[in-house]
Amino acid sequence: PGLGRAAEEAGFDSVWVAETDRESIVQATVLAQATSRIQVGTNITLAFPRSPTVTAMQAWDLNELSGDRFVLGLGSQVRRIVTDRFSASFDRPAARMAEYVGAMRTVWEMERGTRRPFRGEIYRVIRPGLNGLGTARDRALPRVYVAAVGPLMVRTAATHADGMLGHPFTSTAYLRDDVLPRVEHALTEAGRDRSSFTLAQGIILSIAERRNKLEGLRLRRVALWGACGGLVLSILPLAFGVPLAYLMGPLVINLGIGAGMAAGSVGHWGHIHRRTNQYDAVIAIEPVEDVWKITAIDLREEQRVDPNASK
């Protein structure tokens, strides 16, 4: 609460909470009660472990509590987190997110007195609450932003959400040359005005009293994000020659890449062997003349894989 009040007093427009070790909606509720002007948002609230109806109800109540200051920032996370920590499904994440937002909007329309069932391939909302259709016809709807990195989720955000949360592990060139054109194209296809859509872009920022501690904080954060397979579209432009303006100073990032698969064939003496190998390696990237490049690949293990083993 103290940080939220300090941000508000300092003149900031918004304050955001993450969902890592603490639940995002609870944090946002505390901030909403501790402040009076500043926008309060989640960056991110994990979507797939939750029912869209439950999330919609929480956002509806929190937006009322905050005086229409709440922004629900939804994110898909990555497959292994969703399946291994939350025991939830992760198939077709972009399509799942699109339906998730649509299902939430149905809940809100029912709260405003309009019966509009939602029947998707993944989610469905066909009944209002226990007391029937609501009567809050003039209530403002919560705003929904969707976190996106790759092209399918960017399209989903621009088509179905009120805004997009850009991942801080990115580059100016990637945003300018890839993300923004996709946003503009999707908005045009959906018949939406650009002024109705917000792009909220974060940056990597570490604050510490000592520089050596600052380097450690920065290294851990970037290495954590860099190891996420879902950020490959963001990492590759950096590794192959795009400057990363806001990460300066001597820094080498080791990205652990596990279970990489390579299939090929070997021909000799009139016949062909088809083989698949599994590789474990550590890839290092570091700034070379202010450009991030792959500087080393340390192969840790190579193993022949039997393609029929699981059949």
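Computed from a predicted structure; not experimentally measured.
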Please determine if Glu109 and Arg115 form a salt bridge, counting it only when a charged side-chain N lies under 4.0 Å from a carboxylate O. no
Using a strict cut-off of less than 4.0 Å between a Lys/Arg side-chain nitrogen and an Asp/Glu carboxylate oxygen, indicate whether Arg105 and Asp162 qualify as a salt bridge. yes
Test item: Met153 and Met97 side chains (from C-beta on) under 4.5 Å apart, heavy atoms: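 Counting from C-beta outward, Met153 and Met97 do come under 4.5 Å.
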Quick one: does any side-chain atom of [X] pair with a main-chain N or O of [Y] as donor and acceptor, under 3.5 Å?
{"X": "Arg5", "Y": "Thr35", "value": "no"}
{"X": "Thr55", "Y": "Ser51", "value": "yes"}
{"X": "Thr159", "Y": "Thr156", "value": "no"}

Check salt bridge (Lys or Arg N to Asp or Glu O under 4.0 Å) between Arg194 and all other residues, then give those that pass, not counting sequence neighbours. Glu184
Taken in chain and number order and not counting sequence neighbours, the residues that satisfy salt bridge (Lys or Arg N to Asp or Glu O under 4.0 Å) with Glu19 are Arg50
Remaining members of the apolar cluster that contains Val30, side-chain heavy atoms under 4.5 Å: none
Could you list the cluster mates of Val40? Members are the ILVMFWY residues connected by side-chain heavy atoms closer than 4.5 Å, either directly or through other members.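 For the cluster that includes Val40, the remaining residues are Phe12, Val15, Val17, Leu31, Ile38.
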List the atom pairs, donor and acceptor, that lie under 3.5 Å between side-chain atoms in residues 131-148 and the rest of the protein, sequence neighbours left out.
| residue | atom | partner | partner atom | Å |
| --- | --- | --- | --- | --- |
| Arg139 | NH2 | Trp60 | O | 2.9 |
| Arg143 | NH1 | Gln39 | OE1 | 3.0 |
| Arg143 | NH2 | Asp68 | O | 3.4 |

Just list the side-chain donor-acceptor pairs under 3.5 Å for residues 121-129, sequence neighbours left out, or say none.
| residue | atom | partner | partner atom | Å |
| --- | --- | --- | --- | --- |
| Glu121 | OE1 | Arg92 | NH1 | 3.2 |
| Glu121 | OE1 | Arg92 | NH2 | 3.1 |
| Tyr123 | OH | Arg96 | NH1 | 3.3 |

Decide side chain to side chain contact (heavy atoms under 4.5 Å, CB included) for Ile81 and Gln77; before the verdict, give the C-alpha distance in whole Å, the side-chain angles of both, and the deciding distance to 0.1 Å. CA-CA 7 Å; Ile81 299 297; Gln77 248 297 349; 3.6 Å; yes
Can you give me the closest heavy-atom contact between Val82 and Ser76, atom names plus distance? CG2-O, 3.3 Å
Of all heavy-atom pairs between Tyr174 and Val149, which one has the smallest distance, and what is that distance?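 Answer, listing the atom of Tyr174 first, then Val149: OH-O, 2.7 Å.
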Going by atom types only, do Thr42 and Ser24 share a side-chain donor-acceptor pair under 3.5 Å?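 The criterion, which ignores hydrogens and geometry beyond distance, is not satisfied for Ser24 and Thr42.
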In terms of side-chain heavy atoms, does Trp108 have a donor or acceptor partner in Thr106 at a distance below 3.5 Å?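 Their side chains do not contain a donor-acceptor pair, so the 3.5 Å distance test is not met.
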Is Val78 reachable from Tyr100 through a run of hydrophobic residues whose side-chain heavy atoms are each under 4.5 Å from the next? no
